[in-house]
2 protein chains.
Amino acid sequence: MGRWEPNALERLQDAAMQLFQERGYDRTTVEEIAARAGLTERTFFRYFADKREVLFSRSKELEALIVNAIADAPKEMAPIDVVAAALEALSPGFEERRAHAAKRQPLILAHAELRERELIKLASLASAMAESLRGRGVEKTVANLVAEAGIAIFKSAFERWVEDTKKHELAHHVRVALAELRLITAGASVAPSSPLPTRKVPRRSRSTSR
Amino acid sequence: MGRWEPNALERLQDAAMQLFQERGYDRTTVEEIAARAGLTERTFFRYFADKREVLFSRSKELEALIVNAIADAPKEMAPIDVVAAALEALSPGFEERRAHAAKRQPLILAHAELRERELIKLASLASAMAESLRGRGVEKTVANLVAEAGIAIFKSAFERWVEDTKKHELAHHVRVALAELRLITAGASVAPSSPLPTRKVPRRSRSTSR
DNA sequence: GAAGTCATGTCAGCTTCTGACATCGGAGGT
DNA sequence: ACCTCCGATGTCAGAAGCTGACATGACTTC
C-alpha cells in the first residue's frame, strides 16, 4: 500500500476542518489545506473530487448501512417502518460523533455550496433506499415516495438531534418524527373514521434491526 | 431603465438553453453564452450569480405563488391539504411550459451540478412553505415536516408529470402522490384500528383552490 | 446642452479543477 | 544486493468560473 506518511486522506480531512474553523470555508484555499496536511493541491484533488467533498466522504458508508438495514428487515414489515427502523439503526454511529457533528453542521448551514452538497448526498441516499425497497417488492412510485418520506424524517430527526441539549439519541428523534408525520397525513381520505388522535408522541411501532 | 437591446436577461437564458442543447452543459462556456446573446462574460455574471443560475431564475416566482396560496387557504383546512392545494394551484403555469420542461429536466438530471442547484431551490421552497404555514399557526416542527412532505409530493408529482405521455395535468399527479403518501403512512401507531386498505389510488380528499 | 445615472465593457487577477508527465520509495523477484 | 515494477506523490501548464475596480456609452432630466 501507500509509502510516505500514512493516512493522507484523513490528514487532509483534519487539516480542512481545522482551517475551516479558523478562517471559514471560503477564505481557505485548497492549496492551504494540502500544505497543512503536508501534501500538494494536486494530491488533494486525487482524494476528493472537489473542495466540498472533503466534508462528505463518509456518506457512502451511511448509505451502505441504511441499504443493508432495509434489505435485512423482516418481510412483513411495512415499508415506512422498515425505513424508520433503518434510520434508528444509525443511532450508535451518530452518538460517537456528536461533537464532530456539532462543529460541522453550522459550517454546512452557513455555506450554500455545502448545503447543496449535503442535499445531493441525501438525494443519493433516497435513491439507494428506494432501490433497496424495490428489492423487497415495493412498487416503484411507492418506493420513491417512501424513500422521500424517510429523508424528511431523517432531516427532521437529525436537526433536532444536533440541537438537543438533553442529548436524546437519534433513534428517539426518528420515532418522534415518524409519529409526527403520521399525525400530519392522518387527515381523511384513507381512513375517514378517526379524527386526529390527541396523544402526542405514541410509542413506536417496530423494533430496530442490527 | 435599460437602453441598448432590451431583455438582456432573457437573451442570456435563451442563448444558454440553445448552447446547452447543442453542445451540452459543460462544453459550453459562459463566454460563449454571453457572445451569443451579444454581451460579455462580465455582464452574464451581473445577471446570474453563477453559470447554473441561468437555468433557475424562475424559482422565486414559484416560491411566491406557493407561499401566497398557502397563506390564502381556508382557515380550517389541514396543513397537508393546504400544501397539496397550493401545489395543485401551480398546474396552469406548468401546463404552459411543458415543452420547455421536457428539454430542461433531462439536462438537469444529467449534471450533478445542476441537480444540486435544483435541490437547494426545493429546500428553499420548503423553508418558505414552512414559514408560511407557521403564519397560519402551525407549530414549527410540524410546519417543517409538512413542508418536507409537500416537497416529496411535488417531486413525485413533477417527475410523473414530465414523463406522462397521457399529459394529465400536474394537479392530477399531485393528488395521486398525496393519496399514495397517505397509504404509505397509514400503518399502525396512530390509528391502530384499520389494517392497510387495499384500494390502490383512492379519490382525493380535498378540493383544489383557484 | 450639461450633468447624472445605469447598463455594459475592459482588464487584471484569484481560485478551482484537470491532463500530462516526472519522480520517488518500497515490493518482489532473482 | 540488485533490478524492475508500480503506485502514491510532485511539478507544470492551462482552462474555466468568478470578482473588484474602473472606464465608457446611451439616454434622461433639468
Side-chain angles (χ1 to χ4, degrees), chain A residues 1-57 107-108 110-118 120-121, chain B residues 1-57 107-108 110-118 120-121:
Chain A
M1 291 285 157
R3 324 299 97 100
W4 288 269
E5 306 295 323
N7 305 325
L9 188 139
E10 287 173 32
R11 271 154 50 215
L12 287 167
Q13 289 177 328
D14 293 346
M17 262 306 261
Q18 283 175 27
L19 285 162
F20 293 164
Q21 301 274 315
E22 292 172 18
R23 328 189 183 177
Y25 176 79
D26 25 74
R27 273 183 294 179
T28 302
T29 71
V30 173
E31 198 175 359
E32 290 166 339
I33 297 170
R36 179 163 302 192
L39 295 165
T40 59
E41 191 192 36
R42 193 63 183 87
T43 296
F44 178 97
F45 285 112
R46 288 200 179 95
Y47 282 93
F48 305 102
D50 58 43
K51 183 181 172 186
R52 309 166 191 184
E53 273 297 304
V54 74
L55 284 170
F56 293 91
S57 63
L107 195 61
I108 291 176
H111 296 275
E113 281 178 83
L114 297 174
R115 284 270 293 145
E116 287 186 333
R117 184 54 49 89
E118 183 178 49
I120 208 171
K121 295 296 182 186
Chain B
M1 289 284 164
R3 322 304 98 102
W4 287 270
E5 306 297 321
N7 305 325
L9 188 139
E10 287 172 30
R11 270 156 51 215
L12 286 167
Q13 288 176 329
D14 293 346
M17 263 304 261
Q18 283 174 26
L19 285 162
F20 294 163
Q21 302 274 317
E22 291 172 19
R23 328 189 181 177
Y25 177 79
D26 24 75
R27 273 182 292 180
T28 303
T29 70
V30 173
E31 199 175 356
E32 290 166 339
I33 297 170
R36 180 162 302 192
L39 296 166
T40 59
E41 191 193 32
R42 191 65 183 85
T43 297
F44 177 97
F45 286 112
R46 287 198 180 96
Y47 282 93
F48 305 102
D50 56 44
K51 184 180 171 185
R52 308 166 190 185
E53 274 296 305
V54 74
L55 285 169
F56 293 91
S57 63
L107 194 62
I108 291 176
H111 297 276
E113 280 178 85
L114 298 174
R115 284 270 294 144
E116 288 187 333
R117 184 54 48 89
E118 183 179 48
I120 208 170
K121 295 295 183 187

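So that the names make sense, note that chain A is the first sequence line, chain B the second, and so on, each numbered from 1.
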[atom1] of [X] versus [atom2] of [N]: gap in Å, rounded?
| X | N | atom1 | atom2 | value |
| --- | --- | --- | --- | --- |
| B/L39 | D/dG25 | CG | C1' | 15 Å |
| B/L9 | C/dT8 | CG | C1' | 14 Å |
| B/N7 | C/dA7 | CG | C1' | 14 Å |
| A/E32 | C/dC14 | CD | P | 14 Å |
| A/R52 | C/dC17 | CZ | C1' | 12 Å |
| A/F44 | D/dA8 | CZ | P | 18 Å |
| A/I33 | D/dT9 | CD1 | P | 16 Å |

Is there a side-chain contact between B/V30 and B/F48 (heavy atoms, below 4.5 Å)?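 Of all side-chain heavy-atom pairs linking B/F48 with B/V30, none is under 4.5 Å.
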Got a salt bridge between A/E116 and A/R52, using NZ or NE/NH1/NH2 to carboxylate O under 4.0 Å?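 Yes, A/E116 and A/R52 are salt-bridged.
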Looking at B/E32 and B/R23, is any side-chain nitrogen of the basic one under 4.0 Å from a carboxylate oxygen of the acidic one? yes
Results of side chain to side chain contact (heavy atoms under 4.5 Å, CB included) for A/K121 - residues two or more places apart only: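 A/K121: side chain to side chain contact (heavy atoms under 4.5 Å, CB included) contacts with A/E53, A/F56, A/S59, A/R117.
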Output yes when at least one side-chain N/O atom of B/Y47 is less than 4.0 Å from OP1 or OP2 of C/dT8, else no. yes
Do A/Q13 and A/Y47 pass the side chain to side chain contact (heavy atoms under 4.5 Å, CB included) test, and can you show the C-alpha distance, the side-chain angles, and the key distance before you say yes or no? CA-CA 10 Å; A/Q13 289 177 328; A/Y47 282 93; over 6 Å; no
Counting primed atoms, P, OP1 and OP2 as sugar-phosphate and everything else as base, the B/S/- map of nucleotides 11-17 of chain D against protein heavy atoms under 4.0 Å is B----SS
Tell me, yes or no, whether the heavy-atom count around B/E31 atom CD, taken from other residues, nucleotides or ligands under 6.0 Å, exceeds 12.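 Check fails, neighbour count at 12 or below.
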